[in-house]
Amino acid sequence: MTPTDQTSQTVTVNGDTEIFYTEVGSGDPVVLLHGGGPGASGLSNYSRNIEALAEHFRVIVPDMPGYGRSSKNLAQGDPFGALADAIRALLDHLDITSAHLVGNSYGGACALRLALDTPHCVGKLVLMGPGGIGTTRAAPTKGLNTLLNYYGGSGPSREKLEGFIRNYLVYDAESVPASAIDERYQASIDPEVIANPPLRRPSGVGALKTLWSMDFTRDDRLQTLQTRTLVLWGENDKVNRPAGGQMLIDRMPNADLFLAARTGHWMQWERAELFNRLVTDFLDGTYE
């Protein structure tokens with residue numbers, strides 16, 4: 001595959017939300033939804049997966065609202081719902097009636113919410129250490145608190161970001177090159193993002209309602225969602241507890257769970273070959 005196979009553009013959905021996305025490959029559409037860490041984007045999050053998956057599928061990689069080159073106006077009253085609405089609108093713009101969704105962390109929460117709201121729009125789901133699982137049933141992990149505090153206190157800094165990535169995002173701290181941290185730091189200090197961070201603790205009058213709605217284990221629809229789902233989780237995830245995987249398969253009638261040893265929160269990057277093989281086999285029907 002050469003870079004010329006890849007196309008990128010920005011489209012406007014839902015009236016005023018700009019979504020930047022990249023597309024490559026052919027076949028069944030697969031949308032890769034990135035995580036919510038500072039400076040995250042679709043292409044950086046899935047840099048080790050896009051080419052392999054595009055050998056089998058039409059791969060669509062958006063920057064979700066609040067991130068990358070997409071609009072920074074993510075509504076906070078129902079953030080998972082706002083993300084799902086934007087990605088659904090992108091699918092509508094592309095005349096895609098149903099797509100497989102692969103979501104990492106915040107992107108996993110977006111994918112699951114989209115499937116719950118409009119199951120006919122989703123073929124299969126791959127949820128990798130997804131957000132919103134049991135979040136009202138235990139205190140946040142230290143890794144999640146570190147992530148949520150990035151824009152607080154003294155404000156964003158490269159030191160803060162490096163500490164989060166090396167200490168909490170991955171299992172092997174030395175596996176992440178300094179260049180990757182530099183790139184994410186520069187993206188994280190976009191003035192629009194600093195003014196309106198996309199990932200933050202709910203606050204204000206409706207905070208409790210928002211918190212409750214952001215915990216999928218409180219949503220009765222989870223138990224009747226028939227979408228075939230593969231849950232992937234790193235056994236050493238310090239951001240979203242691996243116990244969330246069991247919570248999901250206890251509630252979802254068509255979900256399987258795979259726990260990856262010596263793996264943190266970023267399985268698609270840390271265990272790229274394993275991830276690519278599992279996802280390909282699951283989505284193309286080799287693994288049933």
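All values derive from a computational prediction rather than experimental measurement. We count residues from 1, following the sequence as given. Heavy atoms only: backbone and side chains are in, while hydrogens, waters and symmetry mates are out.
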Report task. Taking the side chain as every heavy atom from C-beta outward, state whether L112 and L225 have any atom pair closer than 4.5 Å. Result -> yes
Report task. Report the residues that fulfil side-chain contact (heavy atoms from CB on, under 4.5 Å) with I181, sequence neighbours left out, ordered by chain and then residue number. Result -> R158, E162, I165, R166, V176
Query raised in the report: Heavy atoms, side chains only, cut-off 4.5 Å: are E235 and Y171 in contact?
Result: no
Query raised in the report: Hey, does the side chain of N73 reach the backbone of N196 with a donor-acceptor pair shorter than 3.5 angstrom?
Result: no
Query raised in the report: Distance from T229 atom OG1 to D256 atom CG, nearest 0.5 Å?
Result: 9.0 Å
Query raised in the report: What do the steps show when you test H34 against M64 for side chain to side chain contact (heavy atoms under 4.5 Å, CB included), and what is the final call?
Result: CA-CA 7 Å; H34 63 79; M64 295 199 298; 3.7 Å; yes
Query raised in the report: Can you list the steps and then say if L248 with I133 is a side chain to side chain contact (heavy atoms under 4.5 Å, CB included)?
Result: CA-CA 8 Å; L248 280 176; I133 311 302; 3.7 Å; yes
Requested in this report: Say whether V279 and V24 are linked into one hydrophobic cluster, either directly or through other cluster members, by side-chain heavy-atom distances under 4.5 angstrom.
Outcome: yes
Query raised in the report: Can you name the ring pair (Phe, Tyr, Trp, His ring centres under 6.0 Å) partners of Y106, sequence neighbours left out?
Result: F80
**Report entry** Stepwise side chain to side chain contact (heavy atoms under 4.5 Å, CB included) check, E183 with Y185
**Finding:** CA-CA 5 Å; E183 180 183 349; Y185 173 63; over 6 Å; no
Query raised in the report: Any donor and acceptor pair, going by atom type alone, linking the side chain of N49 with main-chain N or O of Q268 inside 3.5 Å?
Result: yes
Requested in this report: For residues Y67 and L199, determine if any side-chain heavy atom of one lies less than 4.5 Å from a side-chain heavy atom of the other.
Outcome: yes
Query raised in the report: Quick check: does any side chain N or O of T146 sit under 3.5 Å from a backbone N or O of L144, one acting as donor and the other as acceptor?
Result: no
Query raised in the report: Is F275 close to V102 at the side-chain level, that is, under 4.5 Å between some pair of heavy atoms?
Result: yes
**Report entry** Beyond-backbone contact of S154 with K160, side-chain heavy atoms, under 4.5 angstrom
**Finding:** yes
Query - Hydrophobic cluster membership, L147 vs Y168, 4.5 Å side-chain cutoff - result: yes
Query raised in the report: What residues form a ring pair (Phe, Tyr, Trp, His ring centres under 6.0 Å) with W233, not counting sequence neighbours?
Result: none
**Report entry** R184-S44 side chain donor-acceptor pair, cut-off 3.5 Å
**Finding:** no
**Report entry** Intermediate values then yes/no, salt bridge (charged side-chain N to carboxylate O under 4.0 Å, His left out), R221 and D117
**Finding:** CA-CA 9 Å; R221 296 178 298 172; D117 288 350; 2.8 Å; yes
Query raised in the report: Does some side-chain heavy atom of P65 sit less than 4.5 Å from a side-chain heavy atom of I19?
Result: yes
**Report entry** Smallest separation among heavy atoms of N254 and Q226, with atom names
**Finding:** ND2-O, 2.9 Å
Query raised in the report: Under a 4.5 Å cut-off applied to non-hydrogen side-chain atoms, are E18 and R69 in contact?
Result: no
Query raised in the report: So which heavy atom on P62 is nearest to which on L90, and how close?
Result: CB-CD2, 3.9 Å
Query raised in the report: Honestly curious: do F282 and V122 fall in one hydrophobic cluster under the side-chain, below-4.5 Å linking rule?
Result: no
Requested in this report: Spell out, yes or no, whether V11 and L83 are grouped together once hydrophobic residues are joined by side-chain heavy atoms under 4.5 Å, including indirect joins.
Outcome: yes
Query raised in the report: So, S41 side chain and D63 main chain: donor-acceptor pair closer than 3.5 Å or not?
Result: no
Query raised in the report: Cut-off 3.5 Å, side chains only: do R201 and N145 have a donor facing an acceptor?
Result: yes
Query - D28 bridged to K124 by N-O distance under 4.0 Å - result: no
Requested in this report: Determine, step by step, whether N104 and M267 satisfy the side chain to side chain contact (heavy atoms under 4.5 Å, CB included) criterion, reporting the C-alpha distance in whole Å, the side-chain angles of both residues, the deciding distance to 0.1 Å, and the verdict.
Outcome: CA-CA 9 Å; N104 168 221; M267 181 181 173; over 6 Å; no
Query raised in the report: Tell me, do F57 and T280 make a side-chain contact under 4.5 Å, heavy atoms counted?
Result: yes
